[in-house]
There are 2 protein chains.
Amino acid sequence: MGVERMDPGDRRRQILARARTLFRERPYSEVSTTEIAAAAGVSRALLNHYFGTKRDLYLAAVTEMLAVPPVPVPEYVPGASVRERACQSIEGWLELLERNRETWLAAVGADGMGRDPELEEVVDAARDRVVDHIVQVVGLGPYAREHPEVRALLRGFGGMAEAASREWLVRGRLTRRQVHVFLEETLLRVLADILPRVIEDDHEMAPSPGLPWPSHT
Amino acid sequence: MGVERMDPGDRRRQILARARTLFRERPYSEVSTTEIAAAAGVSRALLNHYFGTKRDLYLAAVTEMLAVPPVPVPEYVPGASVRERACQSIEGWLELLERNRETWLAAVGADGMGRDPELEEVVDAARDRVVDHIVQVVGLGPYAREHPEVRALLRGFGGMAEAASREWLVRGRLTRRQVHVFLEETLLRVLADILPRVIEDDHEMAPSPGLPWPSHT
DNA sequence: CACGTTATTGGCGGCCCGCCAATAGCCGTT
DNA sequence: AACGGCTATTGGCGGGCCGCCAATAACGTG
């Protein structure tokens with residue numbers, strides 16, 4: 001038997017493409033090399049031939065997922081203000097996410113390993129507890145009950161806290177003091193200025209999701 | 001053979017403890033139930049008896065890791081200002097991280113699945129590309145070269161962007177517009193007010209890492 | 001000292017993965 | 001047109017890990 005021969009480069013690309021779609025749908029451990037091989041119409045051993053191990057194949061897949069998306073809109077607008085440039089860039093980022101929704105979720109979810117709903121739930125609960133804590137500490141109770149988005153925004157802040165902490169503990173690019181100042185200042189600005197603006201902004205417009213430049217008016 | 005019998009509750013706890021330490025050191029797929037069982041001095045089948053599957057055991061372990069840490073300092077100080085309370089709470093969070101460093105890294109790293117250095121590197125690179133993009137867009141080039149911390153802070157902002165985006169795409173608790181406003185406002189405040197403060201704060205003090213209340217002076 | 005209860009285990013069956021020797025398509029040469 | 005040689009491709013072996021179930025052996029109780 002054996003499929004027709006193929007140019008190694010093409011073959012490699014073809015396998016990688018199949019692997020990518022599968023890894024996008026289900027987590028690493030749930031996808032077997034057998035399955036990938038079958039989907040590509042190829043023997044399992046060929047995967048090992050082109051990419052060494054299963055993990056290597058996975059790495060190649062994730063790398064490709066992340067290679068396309070980021071920074072696709074590096075359009076530099078010299079005459080514009082910082083705010084305008086930031087606004088446009090953020091809009092580009094959101095646009096990108098909306099388009100490559102699945103890919104992005106798989107890739108960053110892959111930060112760990114990709115879509116394990118149960119595990120996700122556990123970590124999620126822990127993060128929600130942090131949010132609860134913040135709400136209590138800063139005395140946002142009533143406001144948070146009235147506007148559920150408050151909790152979501154605080155989860156955003158939590159994401160920043162985690163990332164900054166990693167910069168301190170793992171990569172050593174920030175000192176503990178710097179992390180502290182950073183988080184404290186940001187939290188206060190978010191609470192005092194940004195949070196109300198996000199909420200009010202939502203309420204003063206129709207829920208049509210298309211309007212491009214919401215803020216710098 | 002067979003070890004001496006033990007109270008089911010105790011046995012369960014004992015196994016879980018061993019599993020926790022192992023899962024803290026190495027990623028999920030690198031730890032075998034055989035190994036856990038051996039470490040606990042127990043047959044492999046007993047793991048399946050107490051916890052159903054390997055993943056269930058893992059979930060239990062992570063749950064316990066995350067159960068202890070969060071919100072251990074819910075001390076509510078009524079008389080204090082919001083800033084003081086926030087400051088103290090953040091200090092508590094950092095203190096906690098510093099103590100349970102390993103646990104925390106394993107648990108949140110476990111967001112995916114825990115410590116896969118190669119994969120981590122791939123995602124890391126992608127995030128750095130986002131930081132590059134931001135630096136370019138807002139024209140921070142020279143400043144960023146002078147102060148490497150700038151990039152670290154922007155990674156923090158990146159964490160917020162990812163978290164907020166998840167609130168929008170996955171949990172649906174924010175609209176796209178809200179995410180936009182949130183990110184734009186925060187980024188601008190960070191750039192204009194917070195970033196300089198973090199940097200200058202670092203330079204005006206000795207690098208002694210112990211001083212507790214850096215900011216609200 | 002039986003005797004039931006149940007914590008504990010040995011071992012089977014199945015799946016998955018990495019590797020290597022063997023196979024079979026394609027191409028240039030004569 | 002036949003023939004090698006090169007290499008893409010594969011079958012299958014060996015090892016590991018996991019879930020399950022029937023069998024076993026501690027322990028409490030009459």
Name the residue closer to the 5' end of DNA chain C, choosing between B/D7 and A/T53 according to the nucleotide with the nearest heavy atom.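 Nearest-nucleotide comparison on DNA chain C picks B/D7.
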
Out of [options], whichever nucleotide has its closest atom nearest the side chain of [X]:
{"X": "B/S43", "options": "C/dT9, D/dT10, D/dT9", "answer": "C/dT9"}
{"X": "B/T34", "options": "C/dT8, D/dC21, D/dC18", "answer": "D/dC18"}
{"X": "A/T33", "options": "C/dC17, C/dT8, D/dT9", "answer": "C/dC17"}

Looking at B/V31, is its backbone amide N or carbonyl O close enough to the side chain of B/K54 to form a donor-acceptor pair, meaning the two atoms are under 3.5 Å apart?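 Between the backbone of B/V31 and the side chain of B/K54 there is a qualifying donor-acceptor contact (under 3.5 Å).
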
Quickly work out the [X] [atom1] to [N] [atom2] distance and round it to whole Å.
{"X": "B/N48", "N": "C/dG14", "atom1": "CG", "atom2": "P", "result": "18 Å"}
{"X": "B/I36", "N": "D/dC17", "atom1": "CD1", "atom2": "C1'", "result": "12 Å"}
{"X": "B/R44", "N": "D/dC17", "atom1": "CZ", "atom2": "P", "result": "9 Å"}
{"X": "A/M6", "N": "D/dA8", "atom1": "CE", "atom2": "P", "result": "13 Å"}
{"X": "A/L46", "N": "C/dG18", "atom1": "CG", "atom2": "P", "result": "14 Å"}
{"X": "A/L47", "N": "D/dA8", "atom1": "CG", "atom2": "P", "result": "15 Å"}
{"X": "A/K54", "N": "D/dG16", "atom1": "NZ", "atom2": "P", "result": "18 Å"}
{"X": "B/Q14", "N": "C/dT8", "atom1": "CD", "atom2": "P", "result": "9 Å"}

A side-chain contact here means heavy atoms from C-beta on lying under 4.5 Å apart; do A/L153 and B/L174 qualify?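 Counting from C-beta outward, A/L153 and B/L174 do come under 4.5 Å.
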
Quick check: do B/L183 and B/L187 have side-chain heavy atoms less than 4.5 Å from each other?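 No, their side chains stay 4.5 Å or more apart.
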
Determine the contact category for B/Y50: base if any of its heavy atoms lies under 4.0 Å from a base atom, sugar-phosphate if only primed atoms, P, OP1 or OP2 are that close, otherwise nothing.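 If one applies the 4.0 Å heavy-atom cut-off, B/Y50 turns out to touch the sugar-phosphate alone, with no base involved.
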
Show your working on side chain to side chain contact (heavy atoms under 4.5 Å, CB included) between A/V150 and A/I199 and close with a plain yes or no. CA-CA 8 Å; A/V150 171; A/I199 307 255; 4.0 Å; yes

Angle between ring planes, B/F23 versus B/Y28, binned at 30° and 60°: parallel, tilted or perpendicular?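 Rings of B/F23 and B/Y28: parallel, as their planes differ by under 30°.
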
Given C/dT8, is OP1 or OP2 found less than 4.0 Å from the side-chain N or O atoms of B/R11?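 Checking B/R11 against C/dT8: at least one side-chain N or O falls below 4.0 Å of OP1 or OP2.
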
